[in-house]
Amino acid sequence: MNRIFVLKLVERVKHTGGCHCGAVRFEVWNSPDLLVFDCDCSICTKKQNHHFIVPENQFNLLQGLGIINTYTFNTHIGKHTFCSTCGVQSFFTPRSNPDGYGIAPHCLDPGTVRSVTVEKFCGQKYEETMKNHPNIRDLSKPVAETHTVEVGSLHTP
């Protein structure tokens, strides 16, 4: 049996963004090709919350910690943070990924997003959707700094 090592580079760029008034600023490392969730749970519907998910170690709050307010409800796992001056939620801690952040792509500064793919997420049936989703929980897991290595095997006769 021979082993083949496949090197799969994970392209990431530094996105910067923030709220409307500029009091909250952040940077986040993620692909330039964003997978954005369009959730239909009660709060996301009211806010029209579209977001992509990143691990906690790929997010850095640059300014605004003292001006951020947090709203929680129901399970209190999701932390819906917003600027107390302008009211904009540029990022939050999603219930689906409490070990990461949901980033509002419309709050990113221009110039680093190459493409956006939107995936519907049925938040009205949260438990069922989470059970059946193939990888949403993995999106907030830390990624290797420079690359991901996948190991496979090749069977030769």
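Values below: every heavy atom of this structure, side chains too, minus hydrogens, waters and symmetry copies.
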* Structure fact -> Rounded to the nearest 0.5 Å, the CD atom of E27 sits from the OG1 atom of T16 at a distance of 8.0 Å

* To the nearest 0.5 Å, how far apart are CG in L108 and OG in S90? ->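 It is 9.0 Å, given to the nearest 0.5 Å.
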
* Salt-bridge test for D109 and R25: reply yes if a basic N is under 4.0 Å from a carboxylate O, no otherwise. =>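 Salt bridge present between D109 and R25.
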
Could you tell me whether the side chain of [Y] reaches within less than 4.5 Å of the side chain of [X], counting heavy atoms only?
X    : Y   : answer
F92  : T70 : no
C21  : C83 : yes
Y71  : K79 : no
F37  : C44 : no
T72  : H80 : no
R114 : E11 : yes
T112 : P32 : no

Would the distance check show the side chain of [X] and the main-chain N or O of [Y] forming a donor-acceptor pair, the cut-off being under 3.5 Å?
X   : Y    : result
Q89 : A104 : no
H20 : T85  : no
S84 : I67  : yes

* To do: Using the test ring pair (Phe, Tyr, Trp, His ring centres under 6.0 Å), find all partners of Y101 that sit at least two apart in sequence or belong to another chain.
  =>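 Listed in chain order: F59, F91.
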
If Ile, Leu, Val, Met, Phe, Trp and Tyr residues are connected whenever their side-chain heavy atoms lie under 4.5 Å apart, and connections chain through other members, are [X] and [Y] in the same group?
X    : Y   : result
V28  : V13 : no
V116 : L35 : no
I53  : L34 : no
V113 : W29 : no
F82  : L65 : no

* Asked: Would you say the side-chain atoms of D33 and S115 include a donor-acceptor pair closer than 3.5 Å?
  -> yes

* Asked: Can you check side chain to side chain contact (heavy atoms under 4.5 Å, CB included) on H51 and I103, steps first, answer last?
  -> CA-CA 5 Å; H51 60 279; I103 311 297; 5.8 Å; no

* To do: Not counting sequence neighbours, which residues clear salt bridge (charged side-chain N to carboxylate O under 4.0 Å, His left out) with E56? List them please.
  =>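 So E56 forms no salt bridge (charged side-chain N to carboxylate O under 4.0 Å, His left out) with any residue.
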
* Asked: Pick one: which of V88, L62, L61 meets side-chain contact (heavy atoms from CB on, under 4.5 Å) with V24?
  ->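 That would be L61; it is the only one of V88, L62, L61 passing the side-chain contact (heavy atoms from CB on, under 4.5 Å) with V24.
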
* **CA sep, side-chain torsions, deciding dist, call: F73, I43, side chain to side chain contact (heavy atoms under 4.5 Å, CB included)** => CA-CA 9 Å; F73 68 102; I43 193 163; 3.7 Å; yes

